[in-house]
Amino acid sequence: GAGVSQTPSNKVTEKGKYVELRCDPISGHTALYWYRQSLGQGPEFLIYFQGTGAADDSGLPNDRFFAVRPEGSVSTLKIQRTERGDSAVYLCASSLTLRSGSGANVLTFGAGSRLTVL
Amino acid sequence: GENVEQHPSTLSVQEGDSAVIKCTYSDSASNYFPWYKQELGKRPQLIIDIRSNVGEKKDQRIAVTLNKTAKHFSLHITETQPEDSAVYFCAASMTQGAQKLVFGQGTRLTINP
C-alpha cells in the first residue's frame, strides 16, 4: 500500500484480556519495527523484524508481549493479560532494508493503534 | 545504552519568528539523527535528518546542525507559520543496520498568529 497501515486505530479492553494489534507495512519493505508511545513521551523501541524473523526484541517490556511476522509482510503484536500500564499508542514502522544506502533504512511510521486498558 | 535529552519541552513563538529545539545524546557511536514532526493524533513524520559526516543540513525553512564533539544537535525553523505547530521529536541511532531510534521527550511548538 501507499503507507504503513495499522488496525485497529483504537482498542479499549479490560485488564487481563488478550489483545492483537496488526501492522501492514509499505509493500516491498523488508524491515518492520514496533514502537510504543506513552502520553507525552517519545516513541520507545520494542522489536524489529528483518523478513520473517525477530532480529531484535530487546525492547519488549516482559513476556506478556510477543510479535510475529510469519510471511515477512504483515506483523501482529500480541499482548497477553493486559495491564493498565500497557495503555499507549503502539506505532509500527517499516523501511526498505536495513542498509543505509540512499536512505533505504529510513523509517516510515504508521498512524498507530491506541490501546486503552481499563 | 543511548540517552537523548530534548529541550525545551514547550516553545511558543510569534508567526514569522524563528524556533530552535536542542537535543543532546550520550552514545558517541550514534551517527544518524532524524527529526520527526507529530501533529495531534497523527503519525510521526520525518522532516529532516543528518548523518555524522556533515555538520549542517538545510531544507527550505528547516535546518539541522550537529556538533559531534559536544554530542548535541539542533533543529532550526525560520519564518514560522501556523502549520508548523506540532510536537517535534529528535532521535539518535546508528547509521548502519536497524534503526533502533532513541527518541527525545518531544517539544510542543506553538506558533502564535
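The structure presented is a predicted model; accordingly, all values stated were derived computationally and were not measured. Protein chains get the first letters and strands the later ones, always in sequence-line order, with residue 1 at the start of each. Values reported hereafter were calculated over all heavy atoms of this structure, with side chains retained and with hydrogens, waters and symmetry mates removed.
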Inset, instruction - Under 4.5 Å heavy-atom distance to chain B, tell me which part of Ser58(A) shows up: side chain, backbone, both or neither. - result: side chain
Inset, instruction - Answer yes or no: does atom OH of Tyr18(A) have more than 12 heavy-atom neighbours from other residues, nucleotides or ligands under 6.0 Å? - result: yes
Inset, instruction - Please check if Leu77(A) and Phe49(A) belong to a single hydrophobic cluster, counting links between Ile, Leu, Val, Met, Phe, Trp and Tyr side chain heavy atoms closer than 4.5 Å. - result: yes
Inset, instruction - Decide whether Val64(B) and Val13(B) are clustered together by the hydrophobic rule: side chain heavy atoms of Ile, Leu, Val, Met, Phe, Trp, Tyr closer than 4.5 Å, transitively. - result: yes
Inset, instruction - Give a yes or no on this: more than 12 heavy atoms of other residues, nucleotides or ligands lie within 6.0 Å of atom CD of Glu79(B). - result: no
Inset, instruction - Tell me, for Gln38(B) versus chain A, whether the close heavy atoms (under 4.5 Å) come from the side chain, the backbone, both or neither. - result: side chain
Inset, instruction - Would you name the heavy atoms of Val106(A) and Tyr32(B) that are closest together and state the gap between them? - result: CG2-OH, 3.6 Å
Legend entry - Side chains of Tyr33(A) and Leu101(B) in contact at under 4.5 Å (non-hydrogen atoms): no
Legend entry - Inter-residue atom distance Ile47(A).CD1 - Lys100(B).NZ, 0.5 Å rounding: 11.0 Å
Inset, instruction - Please check if atom NZ in Lys11(A) has more than 12 non-hydrogen atoms from other residues, nucleotides or ligands closer than 6.0 Å. - result: no
Legend entry - Same cluster (ILVMFWY, side-chain, under 4.5 Å), Val89(A) and Tyr48(A): yes
Legend entry - Single-linkage hydrophobic cluster Ile79(A)~Leu32(A), side-chain heavy atoms < 4.5 angstrom: yes
Legend entry - For chain B, which residues of residues 108-118 of chain A have heavy atoms nearer than 4.5 angstrom: Thr108(A), Phe109(A), Gly110(A), Ala111(A)
Legend entry - ILVMFWY cluster, Tyr88(B) and Leu11(B) together (side-chain gap under 4.5 Å): yes
Legend entry - Student check: side-chain heavy atoms of Arg43(B) and Gln6(A) closer than 4.5 Å: no
Inset, instruction - Decide if atom CD of Glu83(B) counts as having more than 12 heavy atoms of other residues, nucleotides or ligands within a radius under 6.0 Å. - result: yes
